[in-house]
2 protein chains.
Amino acid sequence: MSDDNDRTRPRRASGSARLTDVARVAGVAPMTVSRALNRPELVTESTRQKVQKAVLETGYVPNRVAGALATSRSGLVALLVPTVAHALFAEVVQAVMGELTPRGYQVMLGLVGYTPAQEEAVIETVLSRRPDAIVLTGCRHSPLTRERLTRAQVPLVEIWDMSDDPLDMLIGFSHPAVGLAVAEHLLARGYRRFGVITADDSRAARRVEGFMAGIGEIAGSECLVREVGTPSSMPWGREKGAELLDSAPLDAIVCSSDILALGVIAEAQSRGLAIPDELAIMGFGDSSYAGASFPALSTVRIDGAAIGRAAATHLLSRLGQSGFSRSGDILDVGFTLIDRDTT
Amino acid sequence: MSDDNDRTRPRRASGSARLTDVARVAGVAPMTVSRALNRPELVTESTRQKVQKAVLETGYVPNRVAGALATSRSGLVALLVPTVAHALFAEVVQAVMGELTPRGYQVMLGLVGYTPAQEEAVIETVLSRRPDAIVLTGCRHSPLTRERLTRAQVPLVEIWDMSDDPLDMLIGFSHPAVGLAVAEHLLARGYRRFGVITADDSRAARRVEGFMAGIGEIAGSECLVREVGTPSSMPWGREKGAELLDSAPLDAIVCSSDILALGVIAEAQSRGLAIPDELAIMGFGDSSYAGASFPALSTVRIDGAAIGRAAATHLLSRLGQSGFSRSGDILDVGFTLIDRDTT
DNA sequence: CTTCAAAATGATTGCGCTATCATTCGGTGA
DNA sequence: TCACCGAATGATAGCGCAATCATTTTGAAG
């Protein structure tokens, strides 16, 4: 029987080159290779070149897993958004990555959906990667999530919402204020009988609350609400728009996203309703296509890229520091009501 | 001077609980805790409960960085797309994550843009994380990238393109075939004088080549091309559309994305051109809003979600296996030409 | 040609976990 | 009752790297 190499079977699976291999080829100590690669200013030009040559020769690719363990800095930033299938959040992802990638950080993307349970699960696995920082959409979390995040002692930005008591940093806007602004806009135009189509999403719900509060102040105004599942889509908008229009005479329909509003436009057109005279329609998000619909959609613009950039910038300024201490910074980037041709 | 604790300063920064801490609290060996958490079937019910209790008590969160180093399995899948600010790729991301997250894999997102240089840079840093698998958009890579990926010996799916010689697995569609199909469709409708607006993107360029080849077969057809920068946008479409319409009389304008096509529609409408009688317009991607424009946009539908799901599924089947061996599987998911009201 | 501080390099150790043994425990049949 | 076997648990070592300190080399001044 062949028990010759049974004893000291090496554990490493990947045959790829290690720091040690490079060091041997370069004829220097492993530590010198490490320095040549990570802090070249500490190394003579000539050794740097020897190492460089050895790296090419061996095809060495540093193992950041090992590096992360040794330094307890993972170089990973967790970015948690409900979805990327929504232009608004895609914009945020794009902006955050645009800032972080050039600084050597990599982004671990997590989709938390719109339910606390999913958020909890994602947060747990994300924390097990020991990210250097976290960007988290929303600021209404389950107590367990709050506790885990607090314990983790990691720089954190909550985005896309507003609160008085952020876990750490907060960059976003007030959803009730959006609803209120929409209400004021539509009331000023003389609309009184409203329909609302909203996704099953707590932030959308708070926009609706703000809207209701706004119209509640004018006697004679009324409002019917329909909820749709996620993801929002044109067919959902059209279906629920039809339901609303069949239920009661309406002056305006407010939607929790532009894509729903497009569905309502389609339904209104199919019924021969004049927009906005017989039916006004309001979206949310100012997606790239909002100005291209016919008629052009009135909506609320959120600058997702600005939120993403600000989040990344604030985190980066914290990542330089050594110890962790809660920041408490709050930045309200606001929103813009864009009045096009549907209101 | 206080040199009392200078000597053996502990290296660990984070004060968070380790496996050892849990073991001490539970009164078992660290290895038993590891087993209780990762392979509970190897452990008595009673110890499992002791460990569970100790985990809660200590607030232990496993350190997957250390775990990855010990097992040389990172649990990370790298997902490299040009951008997420484009609905098509966002759909892919969403689908891939939808399959992988429930299986315990986390996604490291990389944006490679549309230039080989950026791809190279991203690939290098990505490989340093030792991902268990890679999903990579496109299959035209620089020699350096190809070599690095080959050496990495990691299950890999190239998506969103077609080739005879994939690095490992390939799931996508043929871009020239898309161009050809569009040409045939438009020629059949009687259009002969074409304009093309295309992003500066090699895959779009190959669609254009296919298109040119298609119209080249019909005598008397001609074609003017205008290129736009990334990201594509409505204003780009409108501007280049105007340029084209000013340059020569055209029957149809073909765009490398739906959003450009919307810009062309806007320009055509502003000039009072009847669509499609005086100007036909063709998009690409069948974005959610394509059917909502007025007139509804003719376009080419790509099922990004199907590609993403297939990619994830194929990778998962490989991740079970032990050794690495190149697969060579190729899957062409095709595309659908959607004939709406602009052609 | 020394001397000495600063710069460059090297040796050692540990980050937190799990693979891989070795050991102990509990139950079974003679 | 005791040897025996598989199941459960424990001890040890190492994954690949960088922090830290020890040692060597360099170069400027005397």
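Below, chain A is the first sequence line, B the second, and so on; all start at residue 1. If you're wondering where the values come from, they're calculated on a predicted model, not measured in any experiment.
Pairs of residues two or more places apart, or lying in two chains, never qualify as side-chain hydrogen bond (donor to acceptor under 3.5 Å, both in side chains) while including a residue from residues 57-67 of chain B.
As rounded to whole Å, 10 Å separates atom P of C/dG16 from atom OH of B/Tyr60. Rounded to whole angstrom, the span from the CZ atom of A/Arg130 across to the P atom of C/dG16 amounts to 9 Å. Here the P atom of nucleotide C/dC15 and the CG atom of B/Asp21 are 11 Å apart, to the nearest Å. Note: CZ (B/Arg24) to P (C/dG16) measures 13 Å, nearest angstrom. Rounded to an integer number of Å, the gap from CZ of A/Arg18 to P of D/dG14 is 13 Å. Protein atom CE of B/Met31 is 12 Å distant from nucleotide atom P of D/dT9, rounded to whole Å. Taking atom CZ of A/Arg73 as the reference point, atom C1' of C/dG16 lies 17 Å away to the nearest angstrom. In this structure, the CG atom of A/Leu69 is 9 Å from the C1' atom of C/dG14, given to the nearest Å.
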Between the protein and nucleotides 23-27 of chain D, list the N/O to N/O atom pairs that are separated by less than 3.5 angstrom.
none

Is there any protein nitrogen or oxygen under 3.5 Å from a nitrogen or oxygen in nucleotides 6-9 of chain C, and what are the pairs?
from  : atom 1 : to      : atom 2 : distance (Å)
C/dA8 : O3'    : A/Thr44 : OG1    : 2.7
C/dT9 : OP1    : A/Thr44 : OG1    : 3.0
C/dT9 : OP1    : A/Thr47 : OG1    : 3.1
C/dT9 : OP2    : A/Thr44 : N      : 3.1
C/dT9 : OP2    : A/Thr44 : OG1    : 3.3
C/dT9 : OP2    : A/Thr47 : OG1    : 3.2

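Helix-axis bend for the helix from C/dC1-D/dG30 to C/dA30-D/dT1: the local axis fitted to the five terminal pairs at one end deviates from that at the other end by 40°, rounded to 10°.
Residues passing the side chain to side chain donor-acceptor pair (under 3.5 Å) test with B/Gln118, sequence neighbours excluded: none. Shown here are the side chain to side chain contact (heavy atoms under 4.5 Å, CB included) partners of A/Arg35, two or more places apart in sequence or in another chain: A/Met31, A/Leu42, A/Val43. With sequence neighbours excluded, no residue forms a ring-ring contact (aromatic ring centres under 6.0 Å, His included) with B/Tyr105. Residues meeting the side chain to side chain contact (heavy atoms under 4.5 Å, CB included) test with B/Pro166, sequence neighbours left out: B/Glu158, B/Ser163, B/Leu170, B/Arg326, B/Ile330. Residues that satisfy the side chain to side chain donor-acceptor pair (under 3.5 Å) test with A/Glu120, not counting sequence neighbours, are A/Ser142. Residues satisfying the side chain to side chain contact (heavy atoms under 4.5 Å, CB included) test with A/Arg151, not counting sequence neighbours, are A/Glu147. Partners of A/Arg24 by side chain to side chain contact (heavy atoms under 4.5 Å, CB included), not counting sequence neighbours, listed by chain and number: A/Asp21.
Applying the 6.0 Å contact sphere to CZ of A/Arg73 captures no more than 12 heavy atoms from other residues, nucleotides or ligands.
Remark: A/Arg146 engages A/Asp165 in a salt bridge, criterion side-chain N to carboxylate O under 4.0 Å.
For B/Ser34 and C/dT18, the shortest distance from a side-chain N or O to OP1 or OP2 is below 4.0 Å. For B/Asn63 and C/dC15, the shortest distance from a side-chain N or O to OP1 or OP2 is not below 4.0 Å. For B/Ser72 and D/dC15, the shortest distance from a side-chain N or O to OP1 or OP2 is not below 4.0 Å.
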Which donor-acceptor pairs under 3.5 Å do the side chains of residues 74-81 of chain B make with protein atoms, sequence neighbours left out?
from    : atom 1 : to       : atom 2 : distance (Å)
B/Ser74 : OG     : B/Leu76  : N      : 3.2
B/Ser74 : OG     : B/Arg130 : O      : 2.7
B/Ser74 : OG     : B/Asp132 : OD1    : 3.4

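Taking only side-chain atoms of B/Ala66, from C-beta outward, the nucleotide of D/dG16, C/dC17, D/dA18 with the closest atom is C/dC17.
B/Leu19 comes within 4.0 angstrom of a nucleotide base, judged by non-hydrogen atoms across all strands.
In this structure the side chain of A/Ile307 never reaches within 4.5 angstrom of the side chain of A/Val96, judged on heavy atoms.
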